[in-house]
Each structure stands twice: as C-alpha cells, then as structure tokens.
Protein chains: 2
Amino acid sequence: MGRVTDTAAPERTTTRDRILTAALAAYGTDGYSATSLDALAEQLGIRKQTILYWFPSKQELFEAVIDDAAASLIEAFDMAASTGLTGMAQVEEIIRRVLRLAVRRPELLGLVREVSRPGSLSAARLVDRVAPTFARAADFLSREMDAGRFRRSDPSMLLLSLYSTVVGVAGELEVQRAIGLEPTLRVAVMRRRELVRFLRVALVEPI
Amino acid sequence: MGRVTDTAAPERTTTRDRILTAALAAYGTDGYSATSLDALAEQLGIRKQTILYWFPSKQELFEAVIDDAAASLIEAFDMAASTGLTGMAQVEEIIRRVLRLAVRRPELLGLVREVSRPGSLSAARLVDRVAPTFARAADFLSREMDAGRFRRSDPSMLLLSLYSTVVGVAGELEVQRAIGLEPTLRVAVMRRRELVRFLRVALVEPI
DNA sequence: CGATCCGTCTACCAAGTGGTAGAGAGATGG
DNA sequence: CCATCTCTCTACCACTTGGTAGACGGATCG
C-alpha cells in the first residue's frame, strides 16, 4: 500500500517523490481532471499501476500534492519572514520571494488557483495547512502597526488585500505569457518595483 | 449542422442559448475538462446529441462560450465607461461594476482564469475579443494623465496593474467562499472601499 | 537455501468519454 | 398531400478513464 509518511530520511529522489513532483506540475498547470494517471505515468516512464501503488487513488495523490505544495509555500514564506526585517523592507522581501516563486515555479500558484475553485473539496485542506502561517503574518502586520510603521487598519483584511494584490500580479505574469509575451526578467523586475511603490504608498504614507 | 451565427433576432431563449449559458456556468466553475457533454445535457434535460447538433464538437462549444463571455465582459465594461465620468470617479464606477459582476456571475471570471491557463489554445481567442476594449481603456488612462488627474506612468502597465488588482480582489471573494465564509454584501462593500482608497492613493496622490 | 517482503509490471475491467449514423416527429411550403 | 427542412432523439462505437488482481524479479533475512 506504500509508505504513508516519508520520515524525511536523507534519500535521493525516490519514485514516490518523482510522482509527487510531476503531479504537482501537471495539476498546477493543466488542472486535476485534465491530467490522467496514464499521462502522468508515461511522462515519468513508469506504469500507471506504480502510481496507484504509492497513492491508493487519484484523489489521494491530489491530496498529497496539496500537502507538498503547501509545504513549499510555507517554506518560502518562512524563509522570507525570518530575516528580522521590519516595515516595508520585510514586505518587500516577501514580495521578492513570492514573485520569484511565481516565476520559477508557476505550477505552485496554479495549484492554489485550482484548489480555490468553488466547490473544491480540497480547498479546506490547503487552508488548514496554511492557516498558521497566515496567522503569523497577520500578527506581524499588527505589530508593525503598533510600532507606527504601518498605517492602522484591520490586519486580516489588509493581509487579504496584500495576498490578492501579489497573487494578482503573479497571475498577470501568466496572462502576459498567455498573450504570447514571454515575461522577461526585466519586465518582472519592473512590475515588482511598481508593485512595491504601489504598496508603500498604500501601507505607510498618510492619507 | 446548426446555425453558425445567431443574427441577434428577438427570440425567447432558444436551445442553443440555454446550452451556451449552462456551458459557461459549468466551464467557469468546474473547468473545461471536468465538464462532460453528458453531464451538461442531463442538467439541461436534453441528450448530448442535441448539444452536438448545435455545436459540432466540445472544443467549438468552448469557443462559442468564450465569445459569449467576452461579450458579457465587454458590455459590462462599456456600460461603466460610457458615463462620461473622469478621474477616480470613472475608475470607481468601473470597479463597482466589475466587482458586482464578480459577485453575481462568478463563472465569468472563472472562465477567464480557465482560459488564461498556460498552454491554453483558446487564450488568444479571448485576448483578441477583448483587445479593443483594452486599448480604449489605455487611451482613457493616457488622457487622464494628460489632464493631470492621474500621476504619469505607462498606461498599459498601469492597466495591467489595475486589472490584476481588481481581478485579485474578485478572486479573493472566491477564496473567502472557499474558506467557507460566504461573502456578505457588507464585506464586499468594505473590500471595495478599501480597494478604491488603495487605488486612489496609488493613482492620484503625489509620491 | 528458502521464505518473505518490496516495488514494478502485465492483464483486465466496468464505466464514462466525445463523436457518428441515422430514424422519427413536427412544421413549412409548393 | 407530398417533399423538404428543422430539431431532437435512439443506437452505437472506439477510445480513455480510474481501479483491481495477481505475476514476476530482486533484495533481505532467518
């Protein structure tokens, strides 16, 4: 039935990991139902039954993928949040990381989009995983407001705004790609600058 | 083979229209590949073959749906843009309309998301349809900058920012829904206020 | 060496997929 | 009243889907 949990043992990429990685990419870009187990297997050079050996069903593979993606997102976020920076410098650092993640691993944000579909049974799973990180971010904003570095407002609300803005910009890079305009590094950097200026004005400048 | 174009004749809801409407809703919320012709037909109380009579293939139905959605989006936008307002008042009006559309017909933005997937063959189609409206909006921004009502910057870039921000907020309402928190009217209004303040500061206030 | 376990495979299967062929019912019009 | 056209249907079909059953080979271990 396959190992249920991988106890972070120092092994090279196992079959299970390869499946997870490929599934994350496929589900994140093409979507869950557009990705068949057969296609996934062929892409990996294995048989579908090997996938079903490690993950009892397609749905359970999806859930494992969600956990995997959540871990990546949380790791990236924590990395950016553990610098000890404050105020806009911290926000800027996080934006830098998130956008870099959006460019390097677009499938991650794609998966978030896929999961946040209305009626998605797995939305709750991702939300659960990410909730603590979300709470910590809200705390940070709250502290910064107390310190007078950010204009006062409701932290959760503000966080939702930040989330939607940053994800919006990240998604916009995908739109550019959809238009056929491959987003160059230069364009991405320009967009980030603009976004940061945008946020600085909204977050810290007095009305 | 079914009529190719509907010459805007004043008829009550035809079978073709009913199919289009249901398909837009299904593709926009569940996605293209997650929606089978059989499921669509059953939901409409007809047979799959009736759908295939009006639309020769699933792909062509999708394209018709895209055109339909584009028309709705353009109509809503033009309505908001034909008020003769200027500056932030105009922007605010458009945001009001877009967010209302996002709440009332979430499937529309869902379809946009679905189409803007990387590798989507239909992305170009939607972009084509929307391009003129996009150009007109950029012109508007340009004129407002000339008139000194908006801070000067690259109109297309700014438009992309506005697009991503507004769509981000709209998508965020979906995230709220995914979390289980049904977005009340009050919350939606608050979010819009915040967004407008956000944009006002970024668009018109001097740095 | 023999028994057991692990990982991948071949061989199937029932259900669902998009799509074809064509019958039949009703309206329309010469 | 017959011919034609429009629309929806039944009957199929080839292929793909997720999933089951179990064989096979290699490693591990008593």
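Each chain gets a letter, A, B and so on, in the order its sequence line appears, and its residues count up from 1.
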A.B. asks: Any base atoms under 4.0 Å from A/T35, or only sugar-phosphate, or nothing? Heavy atoms, all strands.
C.D. replies: sugar-phosphate
A.B. asks: Rounding to a whole Å, what distance do you find between A/D38:CG and C/dC13:C1'?
C.D. replies: 14 Å
A.B. asks: In whole angstrom, give the distance that lies between atom CD of B/E42 and atom P of D/dC9.
C.D. replies: 13 Å
A.B. asks: Decide if atom CZ of B/R152 counts as having more than 12 heavy atoms of other residues, nucleotides or ligands within a radius under 6.0 Å.
C.D. replies: yes
A.B. asks: Within the structure, does a side-chain N or O atom of A/Y53 lie under 4.0 Å from either OP1 or OP2 of C/dG7?
C.D. replies: yes
A.B. asks: Looking at A/D67 and A/R125, is any side-chain nitrogen of the basic one under 4.0 Å from a carboxylate oxygen of the acidic one?
C.D. replies: yes
A.B. asks: Check this for me: does any side-chain nitrogen of one of A/R200 and A/E92 sit under 4.0 Å from a carboxylate oxygen of the other?
C.D. replies: yes
A.B. asks: Given C/dC9, is OP1 or OP2 found less than 4.0 Å from the side-chain N or O atoms of A/T50?
C.D. replies: yes
A.B. asks: Which nucleotide sits closest to the side chain of A/L37: D/dG19, C/dT8, D/dC7?
C.D. replies: D/dG19
A.B. asks: What nucleotide, of D/dT8, D/dA11, C/dG18, holds the atom closest to the side chain of B/T15?
C.D. replies: D/dT8
A.B. asks: Answer yes if the side chains of B/R117 and A/T29 hold a donor-acceptor pair under 3.5 Å, and no otherwise.
C.D. replies: no
A.B. asks: Answer yes or no: does a side-chain N or O of A/S36 lie under 4.0 Å from OP1 or OP2 of D/dT17?
C.D. replies: yes
